[in-house]
Amino acid sequence: MSVKTALRVIEIIETYAREKRALSLTELARLLDVPVSSCLALIRTLAAQGYLYETGRRQGYYPTGRLLAMAQRIARADPVLDRVYPSLVALREATRETIVFAKLDADHRVVYLDVLDSPHTIRYAPVAGEFKPIHANSLGKALISQLPAEACAELLARTPLTRYNPLTLTTPAQVEADLAQSRERGWYSNMGESITDVGAIAWPLRLSGEVYAISVGGPIYRIEPNQAAYASILRAACTALEQDH
């Protein structure tokens, strides 16, 4: 029950992030697909803790700034992001594309730890906390490339290699061949293999014994012709981070 309640609170936060408006108790219960009585208990608890407020009588509830303040405090104290953030900013300034910092979670999914948006109007716009598959993602390829060969082969053999479009690599042999080619040329790429017209290159790095990866992503028409140049900048940044830490 406690785990279910925690999940409901997260779903409430995500619902407000998606809807971007005050929500009545009835609306929120409908969007969450939960009984009004259960939703009321959660709303009252969050309001009592200062995370929600009533915008007006019967007008609905909306998050206060307390949630943002807590999130900012947490982010400022992140032991890993605090060290890599200046390098991520420098990469964005050098490439003017979206920069993503990621690692594998316990289920061997790619989890985006931080995202720095490109200044371009047309850009790749993922969100921190997103999960991505290992086989159709430049970061995923970079991360599994650091596994021992047998462990990588075993992971690919038991992982569903979902086809997103005709460019997606859907067999372990295809992915392993791509990894070998990527090591040789000096970057791991995803040119439209998951999201059509979106491209990215990535490179792995180790910090305090843990494997992470950084990617540069954007529209294919901007990324593809600049792969080698961006890869050189990216590798240099990863090397510097490893040496500094």
Could you report the tightest heavy-atom contact between [X] and [Y], atom names first, then the distance?
X    : Y    : value
V110 : A102 : CG1-CB, 3.9 Å
T15  : L31  : CG2-CD1, 3.9 Å
N165 : G192 : ND2-O, 2.8 Å
P126 : T98  : CD-CG2, 3.9 Å
A136 : T168 : CB-CG2, 4.2 Å
S189 : S182 : N-OG, 4.5 Å

Spacing of [X] atom [atom1] and [Y] atom [atom2] [to the nearest 0.5 Å]:
X    : Y    : atom1 : atom2 : answer
S118 : I99  : OG    : CD1   : 8.5 Å
L116 : L88  : CG    : CG    : 5.5 Å
I134 : L155 : CD1   : CG    : 4.0 Å
L139 : I144 : CG    : CD1   : 11.5 Å
L42  : L46  : CG    : CG    : 6.5 Å
E14  : I10  : CD    : CD1   : 7.0 Å

Name all residues meeting the salt bridge (Lys or Arg N to Asp or Glu O under 4.0 Å) criterion together with E19; count only those two or more places apart in sequence or in a different chain, and write none if there are none.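 E19 satisfies salt bridge (Lys or Arg N to Asp or Glu O under 4.0 Å) with R21 only.
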Audit row: C152, L179, side chain to side chain contact (heavy atoms under 4.5 Å, CB included) steps and yes/no: CA-CA 10 Å; C152 182; L179 294 179; 3.9 Å; yes
Heavy-atom side-chain proximity of [X] to [Y] below 4.5 angstrom:
X    : Y    : result
V80  : L113 : no
L241 : I214 : yes
V111 : L104 : no
V127 : V115 : no
L28  : L32  : yes
V198 : I220 : no
Q227 : M191 : yes
E176 : L156 : yes

The test is side-chain hydrogen bond (donor to acceptor under 3.5 Å, both in side chains); show your working for Y188 and S145 and say whether it passes. CA-CA 9 Å; Y188 298 85; S145 75; 3.2 Å; yes
Has the side chain of [X] got a donor or acceptor atom that lies under 3.5 Å from a matching backbone atom of [Y]?
X    : Y    : value
T170 : R163 : no
R123 : A125 : no
E242 : R206 : yes
D33  : A29  : no
E27  : S24  : yes
D78  : L81  : yes
H135 : T162 : yes
S215 : G217 : no
Q243 : A240 : no
R183 : D178 : no

Between N137 and Y112, do the side chains contain an N or O donor and an N or O acceptor separated by less than 3.5 Å?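 Y112 and N137 do have a side-chain donor-acceptor pair below 3.5 Å.
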Residues Y212, F101; criterion ring pair (Phe, Tyr, Trp, His ring centres under 6.0 Å); working and verdict: CA-CA 7 Å; Y212 299 88; F101 180 61; 5.1 Å; yes
Side chain to side chain contact (heavy atoms under 4.5 Å, CB included) between R92 and R96: does it pass, once the steps are laid out? CA-CA 5 Å; R92 180 177 60 183; R96 295 182 60 78; over 6 Å; no
For [X], I'd like to know if atom [atom1] has over 12 heavy atoms of other residues, nucleotides or ligands within 6.0 Å.
X    : atom1 : value
R44  : CZ    : no
D105 : CG    : yes
I122 : CD1   : no

Same apolar cluster (I L V M F W Y, side chains within < 4.5 Å links), [X]/[Y]:
X    : Y    : value
Y164 : V100 : no
L167 : I195 : no
I13  : F131 : no

Ring centroid separation for Y62 and Y16, is it under 6.0 angstrom?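 Here the rings of Y16 and Y62 have centres that are less than 6.0 Å from each other.
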Assess the residue pair C39 and V34 against the criterion (side chain to side chain contact (heavy atoms under 4.5 Å, CB included)); give the C-alpha distance rounded to whole Å, side-chain angles, the decisive distance to 0.1 Å, and a yes or no. CA-CA 7 Å; C39 191; V34 298; 4.0 Å; yes
For a side-chain contact (heavy atoms from CB on, under 4.5 Å) with P219, tell me which candidate from E97, H120, E224 qualifies.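 So, applying the side-chain contact (heavy atoms from CB on, under 4.5 Å) to P219 and each of E97, H120, E224, only E97 qualifies.
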Going through the distances and angles, do R158 and E154 end up as a salt bridge (Lys or Arg N to Asp or Glu O under 4.0 Å)? CA-CA 6 Å; R158 62 181 171 82; E154 190 275 332; 2.8 Å; yes
Would you list the pairs meeting side chain to side chain donor-acceptor pair (under 3.5 Å) in which at least one residue belongs to residues 191-204, sequence neighbours left out?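 Output for this query lists K141-E193, N190-S194.
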Working for side-chain hydrogen bond (donor to acceptor under 3.5 Å, both in side chains), residues S87 and R83: CA-CA 8 Å; S87 296; R83 297 187 298 176; over 6 Å; no
